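To start, the structure itself, in structure tokens.
Labels below follow one simple rule: chain letters A, B, ... track the order of the sequence lines, proteins then strands, and each chain is numbered from 1. Because the structure is a prediction, the values reported are computed rather than measured.
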Number of protein chains: 2
Amino acid sequence: MIVILSQIIVKLFSFADRNTQKPLKDMKKLQLQIKMNSALFLRNPESSELGKNIIMHSIQLIHKNGFESFTFKKLAEDIGTTEASIYRYFENKHKLLVYLTAWYWGWLEFQIAYSTNNIIVPATKLKRVIKLLVSTVEDDEQTGYVNESLLHQIVIAEGSKAYLTKQVSDDNKQHFFKPYKDLCGVVGSIILECNPRYKYPKSLASTIIEMAHFQNFFMNNLPALTDFGDSKEEKDVLSFLNDLVFSSIRK
Amino acid sequence: MIVILSQIIVKLFSFADRNTQKPLKDMKKLQLQIKMNSALFLRNPESSELGKNIIMHSIQLIHKNGFESFTFKKLAEDIGTTEASIYRYFENKHKLLVYLTAWYWGWLEFQIAYSTNNIIVPATKLKRVIKLLVSTVEDDEQTGYVNESLLHQIVIAEGSKAYLTKQVSDDNKQHFFKPYKDLCGVVGSIILECNPRYKYPKSLASTIIEMAHFQNFFMNNLPALTDFGDSKEEKDVLSFLNDLVFSSIRK
DNA sequence: TATTTGTGATAGTATTACTATCATTTTCAA
DNA sequence: TTGAAAATGATAGTAATACTATCACAAATA
């Protein structure tokens with residue numbers, strides 16, 4: 001079974017035994033696949049073991065040492081392959097970063113769609129969304145080679161670098177940031193559901209998204225910029241954002 | 001006359017004629033000097049022509065080509081000096097970026113102090129502050145070698161890279177971000193003047209500061225993330241932020 | 001089984017990010 | 001005004017980065 005909803009493909013695999021062809025009970029799994037813009041890569045990393053290793057190990061390495069010190073050479077050594085092989089998948093490390101963040105936004109949009117599915121009251125929906133944006137994610141077993149928890153932290157610390165470049169307009173023309181914009185659109189329309197007369201739904205949406213991450217980063221690294229330096233708790237960021245958002249739209 | 005207020009030094013120079021020693025009328029100038037953390041440089045760039053050239057040309061080059069493609073070699077060529085000479089002033093380009101952003105925050109704090117000087121009503125003060133944060137600055141003649149207008153745009157597009165690094169905590173220990181934190185403190189206390197019971201003054205302050213820049217960047221580069229993509233006008237960002245801030249603190 | 005496709009191994013280049021040395025010029029203090 | 005100290009320029013060199021190219025071999029596929 002395959003379900004496709006806009007950018008996300010949900011596959012229900014029935015793993016079968018290689019020899020007997022009988023379905024294996026415990027290997028029946030729901031598998032999430034985020035549809036990626038193919039202009040982001042030279043060869044689809046999902047299509048091979050090496051590709052999946054590139055994603056998996058790049059997440060680990062960027063998380064560990066930061067994007068600046070991350071190189072394809074180090075990644076190759078980490079995986080046990082060669083630099084040249086990695087260049088067959090990604091043109092350069094910038095594209096890889098954009099790929100990773102785009103994947104994250106796509107994944108998050110699915111989480112939001114999934115977790116606000118049956119909720120009718122828009123304000124409740126919006127609260128769920130904010131919570132998802134702020135919260136540390138657990139590693140999602142539905143997506144084999146991606147560690148969402150690490151990726152979340154990468155998006156916090158390095159995500160902005162994906163678009164804070166001179167090529168942002170070119171990249172945008174190639175729709176590299178579509179998942180981010182889609183997410184922003186989804187959040188914006190929930191805001192409008194809450195208050196159809198609110199004037200800045202998209203700007204408020206991007207503010208929530210950015211601040212969910214920046215306040216977290218500040219809290220942990222430059223605590224004087226926040227009011228949560230002592231507690232360092234996500235729930236405080238959550239309270240702040242809820243207060244900010246709902247006082248704006250319920251005026 | 002020299003006036004010193006926390007981080008800023010205001011010098012009133014009476015330029016005198018070299019020969020007659022009579023003060024020259026039209027050359028009487030107010031000169032602003034931002035006090036910089038000396039751990040940011042190896043040799044103080046304010047102390048020499050070459051140093052001032054480094055600041056002036058680095059602002060031009062980073063603005064023109066972006067921080068990623070900016071190198072000390074290109075800067076040296078632009079100035080007409082050598083790479084080695086530049087390394088005598090700054091350890092590396094990261095320190096230079098931190099220097100430039102720190103300078104900007106210091107300068108902005110002075111602008112805020114100056115322009116809210118005689119205002120009594122806190123809300124009016126806060127509005128002024130938001131306006132200063134959002135507005136394109138005119139090149140300030142009081143600061144010879146710094147083009148504040150270009151620097152403002154650099155801070156918008158590259159400013160976050162000053163702290164989004166693995167060394168952020170080390171840099172913070174050396175007080176590299178003090179000007180930013182001070183500014184945030186100033187804005188936070190104006191917020192508290194408006195409403196002493198508001199719970200998140202510092203987080204709201206950093207939100208205003210970051211969003212004043214990010215919404216501007218989005219508006220011009222990723223307009224789908226804002227509600228101002230059509231107009232592309234600063235006054236719209238201003239309205240959004242005013243709405244956001246005052247509905248939060250006047251609840 | 002022949003052919004395409006992907007990977008590994010190796011090599012090579014231009015640029016970046018520095019460090020080092022030494023001669024020359026400028027500054028400043030006695 | 002002179003003489004030492006400090007700053008700059010000129011040049012060279014190194015290790016790492018960010019790639020590109022080539023060829024042999026293995027695996028998948030038709």
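Scanning DNA chain C 5' to 3' for nucleotides with an atom closer than 4.0 angstrom to a non-hydrogen atom of chain B gives a first and last hit of dT16(C) to dT21(C).
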Self-check item: Test side chain to side chain contact (heavy atoms under 4.5 Å, CB included) applied to Val186(B) and Asp182(B), step by step
Solution: CA-CA 6 Å; Val186(B) 167; Asp182(B) 286 350; 5.6 Å; no
Exercise. Apply side chain to side chain contact (heavy atoms under 4.5 Å, CB included) to Asn44(B) and Ser38(B), showing your working.
Key: CA-CA 7 Å; Asn44(B) 191 344; Ser38(B) 63; over 6 Å; no
Quiz item: When you look at Phe41(A) and Arg88(A), which way does the side chain to side chain contact (heavy atoms under 4.5 Å, CB included) test go after all the steps?
Solution: CA-CA 9 Å; Phe41(A) 48 76; Arg88(A) 289 180 187 119; over 6 Å; no
Quiz prompt | Trace of the side chain to side chain contact (heavy atoms under 4.5 Å, CB included) decision for Phe176(B) with Asn37(B) | solution = CA-CA 7 Å; Phe176(B) 290 175; Asn37(B) 181 338; 3.9 Å; yes
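Classified by interplanar angle (parallel below 30°, tilted 30° to 60°, perpendicular above 60°), the ring pair Phe67(A)/Phe70(A) is parallel. Ring geometry for Tyr163(A) against Phe214(B) counts as perpendicular: the plane angle is over 60°, on a 0 to 90° scale with 30° as the lower cut. Aromatic ring pairs are classed by plane angle as parallel below 30°, tilted from 30° to 60° and perpendicular above 60°; the pair His152(B) and Tyr104(B) is parallel.
Enclosure of atom NZ in Lys232(A) by more than 12 non-hydrogen atoms of other residues, nucleotides or ligands within 6.0 angstrom is indicated.
Nearest heavy-atom pair across Leu132(B) and Leu108(B) is O-CD1, 4.3 Å.
Gln153(B) is linked by a side chain to side chain donor-acceptor pair (under 3.5 Å) to His63(B), counting only residues two or more places apart in sequence or in another chain.
Remark: C1' of dA6(D) and OH of Tyr89(B) are 11 Å apart, rounded to the nearest angstrom.
No side-chain donor-acceptor contact under 3.5 Å links Asn65(B) and Lys74(B). Using modelled atom types, one finds no donor on one side chain facing an acceptor on the other under 3.5 Å when comparing Ser135(A) with Glu234(A). A donor-acceptor pair shorter than 3.5 Å can be found between the side chains of Gln215(A) and Ser206(B).
Between Lys161(A) and Glu158(A) there is a salt bridge, since a side-chain N of the basic residue sits under 4.0 Å from a carboxylate O of the acidic one.
Contacts of residues 42-79 of chain B with DNA chain D (heavy atom under 4.0 Å): Arg43(B), Ser48(B), Leu50(B). For the segment residues 161-169 of chain B, the set of residues with a heavy atom within less than 4.0 Å of an atom of DNA chain C is empty. Sorted by residue number, the list of members of residues 90-99 of chain B with any non-hydrogen atom under 4.0 Å from DNA chain D is empty.
In the set dC23(D), dA10(D), dG9(D), dA10(D) carries the atom at the smallest distance from any side-chain atom of Ala84(B).
To the nearest 0.5 Å, the span separating OH on Tyr89(A) from CG on Leu96(A) amounts to 13.0 Å.
Taking five base pairs at each end of the helix from dT1(C)-dA30(D) to dA30(C)-dT1(D), the local helix axes there meet at an angle of 20°, rounded to 10°.
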